Amino acid sequence: MTAVTSSPVGAPTYETLLRCALAGELGPDPAGLRVAVAFTTRQAVRHDGRGTGYRNEVLGLRVGAAVGSCAVEPGALDDGVVEDCAGAGVDRLLRHPRTPVRVAALDAYLMHVAPHTPEHGARPVRVPAGTSLEKSRARARTVVGLLDLPPGATVLVVGVVNSLLEALRARHLAYLACDFKGGVTEWGEGVVTDALAEAHRCDALLVSGMTLGNGTFEPLRRHALEHGKRLVTFAQTGSAVLPRFVGHGVSAVCAEPYPFFWLDGGPSTLHVYRGGAR
């Protein structure tokens, strides 16, 4: 099977990727696959030594051995949506009226078709066992290491994770933090809410996979393409979707399929994709 950097979609967008999946151009006909299990994972976090906390909620859909994920705003999906997904054909969920369901279904389908293995362009990176904060920092070092920027460069961070900001500071990289929720960072810096409006101020983009679920990924990808900027994604949402864009506006992906590092204190694995990887 070809590596993700040689996608059958010539110049893919999220919507063309979705259409190709529905047409069976990326693998088996999704009409012949069903979601066996649908679930949500909810967490609240306040790391020791940190002054702020946050909440996460993630929709998970299981197809065979694969789990596709899409983060949502806490409380955005009622139990009826989850129950509707269980037992449904993948083709129906790829057409679902709710964007997070479509994203999770596409993620599960692509994970089923091309799991995170070296044959599909992935390089495994082990995260050692540890506390939630230790594992968060280990992941952040891997993600920030994909930026390949000189000290003093400015990074637009879309989806504020304090460990990522801490890792950028350690690399002497400036950043502009962006999140729909606004507010301030752990260090009292203001958080902007419109990523695309601020992108011109930055040398590179570090983008959460959550942008697939809220519809902001494509404008950021086009900005990176048009301006020749590095765009690195850290993907729990869409971990099997975003590697399809490496070489098409995305420079590198740190893919983290379910179960995520914050669910267990034992070792876990990240999967890194870079342009040109086979």
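The model shown is predicted, which means the values in this text are computed figures rather than measured ones. Computed over heavy atoms, backbone and side chain alike; hydrogens, waters and symmetry mates excluded.
Under the 3.5 Å distance criterion, the side-chain polar atoms of Arg230 are left unmatched by any main-chain donor or acceptor of Leu205. Put simply, the side chain of Asp107 gets close to the backbone of Ser69: a donor and an acceptor are under 3.5 Å apart. Arg221 contributes a side-chain N or O that, together with a main-chain N or O of His248, makes up a donor-acceptor pair within less than 3.5 Å. At least one donor-acceptor pair closer than 3.5 Å links the side chain of Ser251 to the backbone N or O of Leu231. The backbone N or O of Leu165 sits nowhere less than 3.5 Å from a side-chain atom of Asn162 that would complete a donor-acceptor pair. Remark: side-chain polar atoms of Thr233 are not paired, donor with acceptor, to backbone N or O of Ala235 under 3.5 angstrom. Of the possible polar contacts, none joining the Gln236 side chain to the Gly209 backbone as a donor-acceptor pair under 3.5 Å is found. Under the 3.5 Å distance criterion, the side-chain polar atoms of Lys229 are matched with a main-chain donor or acceptor of Cys202. No donor-acceptor pair under 3.5 Å is formed between the side chain of Ser268 and the backbone N or O of Phe261.
Residues Glu15 and Thr13 have side chains that never bring a donor and an acceptor to within less than 3.5 angstrom of each other.
Within the 4.5 Å cutoff, the side chain of Ser163 has heavy atoms near those of the Leu133 side chain. Side-chain contact between Phe245 and Leu225 is absent, with no heavy atoms from C-beta onward closer than 4.5 Å. When side chains are defined from C-beta on, Arg244 does not count as touching Pro12, because their heavy atoms never get closer than 4.5 Å.
The only member of Leu242, Val207, Val161 that meets side-chain contact (heavy atoms from CB on, under 4.5 Å) when paired with Phe234 is Val161.
Ring-centre distance between His120 and Tyr273: not below the 6.0 Å cut-off.
Heavy-atom neighbours of His227 NE2 from other residues, nucleotides or ligands within 6.0 Å: above the threshold of 12.
Phe180 and Val72 fall into different hydrophobic clusters, where Ile, Leu, Val, Met, Phe, Trp and Tyr residues are linked whenever their side-chain heavy atoms come under 4.5 Å apart, directly or through other members.
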